[in-house]
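Okay, structure first, notes after.
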Amino acid sequence: MIVTAGPLQQFVSHVEPVGVLGGMGPAAGANFMRLFVQACMDLMAERGIAVRDQNFPEHWLAQVPVPDRSAHLMDSAAPGALPLAHMLQAVGRLTALGVRAIAIACNTAHAWHAPLQQRFPQVEMLHIADETAIALQQAGITRVGLLATEGTYASGIYGKALQTAGLVCHLPQADERQVLMAGIYQGVKAGRMRWAGEQFAQVALELARRHELQALILGCTEIPLALRALPAASQVRLVDPSRELARALARRAYLHAQIHTTTPPETA
């Protein structure tokens, strides 16, 4: 009789459940989950954790149709509490599932980050601008441009984070912002990805040339869906805040993770 032992099996414990507030728009939320899964795989590989189904964290996506964020931020007559009310309901559902941290898969929605965090102090509401600023600072980048919605510009969510990190940020001109908004609403949200990419690239290249930028922050979750690269000659780095946020969420999920290795019973 030959007795053999099976291969070592590895699993992790104390992986925290996390959540994602999406739906703004749905394609951006779905893309964020793809980025999050990849971030988890990268993190597991870095830490020597076996990349297998059972070692991924429990994660929940709430795809909620939240009223237009930019419209409410730009129109003083619009009921500003309306987007917040929908987001509060969604975050409430996520916290009921036991999540420990939540990522908001929309840049503009971070204008309501403070009241969301205040209402749910038991969970950590990650901030997309803070995570992006930290990543840029660590990369040694000091001069950036921001492509975003009018609502994001009006909210100033990136200004403080970038300034704190020692970065100088340049914004598009008024007419260029309208081109970006058209690319987002009449382009990505309408499924016209190629046309949207052309609009985004037009503004990106002009902004980078005008200010000799090192990097461009794609500060709307839908811009990276259509703008994936610039001509090689531009040598401007495209930074996707959603990717940085996804990496931060993965780090929170595995913050207290413990690796265990077991040997299956011997068999004859």
Side-chain angles (χ1 to χ4, degrees), residues 15-44 56-70 83 86-87 89-91 93-95 97 99-113 116-117 120 123-136 146-149 151-152 155 157-158 161 183-185 187-189 191 193 196-197 200 216-229 238-255:
V15 181
E16 301 286 0
V18 295
V20 177
L21 175 57
M24 303 173 278
N31 182 62
F32 184 87
M33 296 308 292
R34 178 186 65 81
L35 295 172
F36 175 69
V37 169
Q38 184 61 55
C40 289
M41 293 176 66
D42 293 342
L43 189 148
M44 282 189 277
F56 280 85
E58 176 183 330
H59 51 284
W60 299 87
L61 169 64
Q63 287 276 49
V64 183
V66 177
D68 190 283
R69 282 71 58 202
S70 285
H86 285 72
M87 287 188 281
Q89 292 177 7
V91 173
R93 297 189 188 107
L94 289 172
T95 56
L97 293 168
V99 303
R100 295 291 184 268
I102 295 176
I104 306 172
C106 172
N107 285 265
T108 310
H110 282 74
W112 291 274
H113 178 276
L116 287 171
Q117 184 66 84
F120 296 98
V123 298
E124 181 183 7
M125 300 293 302
L126 303 184
H127 197 294
I128 196 167
D130 290 343
E131 300 299 339
T132 302
I134 291 171
L136 287 167
L146 176 63
L147 306 184
T149 64
T152 294
S155 69
I157 61 172
Y158 275 93
I184 293 168
Y185 283 86
V188 176
K189 289 182 182 293
M193 294 297 184
F200 298 150
L216 280 162
I217 300 172
L218 307 185
C220 171
T221 49
E222 289 170 316
I223 291 179
L225 299 180
L227 182 62
R228 299 185 180 276
L238 296 182
V239 178
D240 183 356
S242 292
R243 188 180 302 278
E244 302 305 330
L245 185 63
R247 290 170 176 166
L249 188 63
R251 290 194 296 270
R252 300 307 194 279
Y254 290 94
L255 184 61

pair Val239-Thr132: side-chain heavy atoms closer than 4.5 Å: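 They are in contact (side-chain heavy atoms under 4.5 Å apart), so the answer is yes.
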
Contact check, side chains of Leu216 and Leu227, non-hydrogen atoms, under 4.5 Å: no

Spacing of [X] atom [atom1] and [Y] atom [atom2] [to the nearest 0.5 Å]:
{"X": "Phe36", "Y": "Asn31", "atom1": "CZ", "atom2": "CG", "value": "14.0 Å"}
{"X": "Ile223", "Y": "Leu147", "atom1": "CD1", "atom2": "CG", "value": "5.0 Å"}
{"X": "Thr152", "Y": "Ile128", "atom1": "OG1", "atom2": "CD1", "value": "9.0 Å"}
{"X": "Met87", "Y": "His110", "atom1": "CE", "atom2": "NE2", "value": "9.5 Å"}
{"X": "Ile104", "Y": "Met24", "atom1": "CD1", "atom2": "CE", "value": "6.5 Å"}
{"X": "Leu21", "Y": "Leu126", "atom1": "CG", "atom2": "CG", "value": "12.0 Å"}

Grab the two heavy atoms, one from [X] and one from [Y], that are nearest each other, plus how far apart they are.
{"X": "Pro65", "Y": "His86", "result": "O-CD2, 3.9 Å"}
{"X": "Ala161", "Y": "Asp130", "result": "CB-OD1, 3.4 Å"}
{"X": "Lys189", "Y": "Gly25", "result": "NZ-N, 4.0 Å"}
{"X": "Gly22", "Y": "Ala105", "result": "CA-CB, 4.3 Å"}
{"X": "Gly219", "Y": "Tyr158", "result": "CA-OH, 4.2 Å"}
{"X": "Thr149", "Y": "Thr108", "result": "OG1-OG1, 2.7 Å"}

I'd like to check the side chain to side chain donor-acceptor pair (under 3.5 Å) partners of Gln89; sequence neighbours left out, ordered by chain and number.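 Gln89 satisfies side chain to side chain donor-acceptor pair (under 3.5 Å) with no residue once adjacent residues are dropped.
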
Test Asp68 against Tyr185 for side-chain contact (heavy atoms from CB on, under 4.5 Å), laying out the working first. CA-CA 11 Å; Asp68 190 283; Tyr185 283 86; 2.7 Å; yes

Can you tell me which residue pairs pass the salt bridge (charged side-chain N to carboxylate O under 4.0 Å, His left out) test with a partner in residues 20-37, sequence neighbours excluded? none

List, one per line, each side-chain donor-acceptor pair under 3.5 Å for residues 240-250, sequence neighbours excluded.
residue	atom	partner	partner atom	Å
Asp240	OD1	Ser242	N	3.0
Glu244	OE2	Arg247	NH1	3.2

Salt bridge (Lys or Arg N to Asp or Glu O under 4.0 Å) partners for Arg251, two or more places apart: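 Glu131.
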
Verdict with supporting geometry, Leu238 and Phe200, side-chain contact (heavy atoms from CB on, under 4.5 Å): CA-CA 12 Å; Leu238 296 182; Phe200 298 150; over 6 Å; no

Among all residues two or more places apart in sequence or in another chain, which pass the side chain to side chain contact (heavy atoms under 4.5 Å, CB included) test with [X]?
{"X": "Ala28", "result": "Thr221, Glu222"}
{"X": "Ser155", "result": "Leu73, Ala111, Ile157"}
{"X": "Gln117", "result": "His113, Met125"}
{"X": "Pro26", "result": "Gln63"}

Who pairs with Phe32 by ring pair (Phe, Tyr, Trp, His ring centres under 6.0 Å), at least two apart in sequence or on another chain? none

Carefully, step by step, assess Tyr254 and Met44 under the rule side-chain contact (heavy atoms from CB on, under 4.5 Å). CA-CA 9 Å; Tyr254 290 94; Met44 282 189 277; 3.6 Å; yes

Go through the steps for Val188 and Met193 under the test side-chain contact (heavy atoms from CB on, under 4.5 Å), then give the verdict. CA-CA 5 Å; Val188 176; Met193 294 297 184; 3.8 Å; yes

Are the side chain of Arg69 and the backbone of Pro67 linked by a donor-acceptor contact shorter than 3.5 Å? yes

